[in-house]
Amino acid sequence: QVQLAESGGGLVQAGGSLRLSCAASGRTISTYYSKAWFRQAPGKEREAVAAITWNSGRTYYADSVKGRFTISRDNRRNTVYLQMNSLKPEDTAVYYCAVGSRTILDSNWSDLDLYGNWGQGTQLTVSS
């Protein structure tokens with residue numbers, strides 16, 4: 001079983017940047033595991049933000065963050081990152097790291113059910 005621990009959240013002003021980290025333990029996630037970031041704002045459903053495949057490293061992004069957020073991985077550190085630039089108040093949410101052993105594609109990368117392992121989340125608050 002994979003354990004995931006997010007870090008790096010906090011309070012930042014609009015226009016600022018922050019990097020979230022997700023450290024995996026219990027099993028290496030460098031192979032066979034697709035990796036993603038989701039977020040959930042108060043009163044809203046959890047939504048996909050970005051994902052990256054384990055093999056080709058192809059990335060996927062929600063339209064709302066495209067061009068501002070970058071997902072990346074460090075296989076040696078068994079860690080996934082989410083670099084967030086040009087932050088907006090509407091980015092305020094709890095951010096969750098997730099990994100899954102199923103293949104992700106254009107058509108399904110944002111499906112929560114594809115990811116069987118989740119972290120506890122880290123809060124990001126963007127002030128205006």
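From a predicted model like this one, the values you see are computed outputs, not experimental measurements.
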- Query: What pairs of residues pass the disulfide bond (SG atoms under 2.5 Å apart) test when at least one of them lies in residues 7-103, not counting sequence neighbours?
  - Reply: Cys22-Cys97
- Item | Listed once per pair and sorted, the disulfide bond (SG atoms under 2.5 Å apart) pairs that draw on residues 24-86, sequence neighbours left out | none
- Task: Only counting residues at least two apart or in another chain, list the ones meeting salt bridge (Lys or Arg N to Asp or Glu O under 4.0 Å) with Arg58.
- Result: Asp106
- Residue list, ring-ring contact (aromatic ring centres under 6.0 Å, His included) with Phe38, at least two apart or on another chain: Tyr115, Trp118
- side-chain contact (heavy atoms from CB on, under 4.5 Å) filter on Ser17, not counting sequence neighbours, yields Gln83, Asn85
- Message: Counting only heavy atoms from other residues, nucleotides and ligands, does the tally under 6.0 Å from CD of Glu90 exceed 12?
- Response: yes
- Message: With a 4.5 Å cut-off on side-chain heavy atoms, are Ser127 and Leu11 touching?
- Response: yes
- Counterpart residues, side chain to side chain donor-acceptor pair (under 3.5 Å), relative to Glu47 (two or more places apart): Arg39
- Is any side-chain heavy atom of Val99 less than 4.5 Å from a side-chain heavy atom of Leu4? yes
- Sequence neighbours left out, what passes side chain to side chain donor-acceptor pair (under 3.5 Å) with Gln123? Give chain and number order. Thr125
- Message: Is there a side-chain contact between Glu6 and Trp37 in this structure, where contact means two heavy atoms from C-beta onward sitting under 4.5 Å apart?
- Response: yes
- Results of salt bridge (Lys or Arg N to Asp or Glu O under 4.0 Å) for Asp63 - residues two or more places apart only: Lys66
- Item | For Asp74, salt bridge (Lys or Arg N to Asp or Glu O under 4.0 Å) partners two or more places apart | Arg77
- List for me each residue that meets side chain to side chain donor-acceptor pair (under 3.5 Å) alongside Ser56, sequence neighbours excluded, and say none if there are none. Thr53
- Looking at residues at least two apart in the chain, or sitting in another chain, which of them share a salt bridge (Lys or Arg N to Asp or Glu O under 4.0 Å) with Arg46? none
- Do Arg68 and Asp91 sit within salt-bridge range, that is, some charged N less than 4.0 Å from a carboxylate O? yes
- Query: Can you check whether Leu87 reaches Phe69 side chain to side chain, under 4.5 Å on heavy atoms?
  - Reply: yes
- Message: Tell me which pairs pass disulfide bond (SG atoms under 2.5 Å apart) where either residue lies in residues 33-81, with sequence neighbours left out.
- Response: none
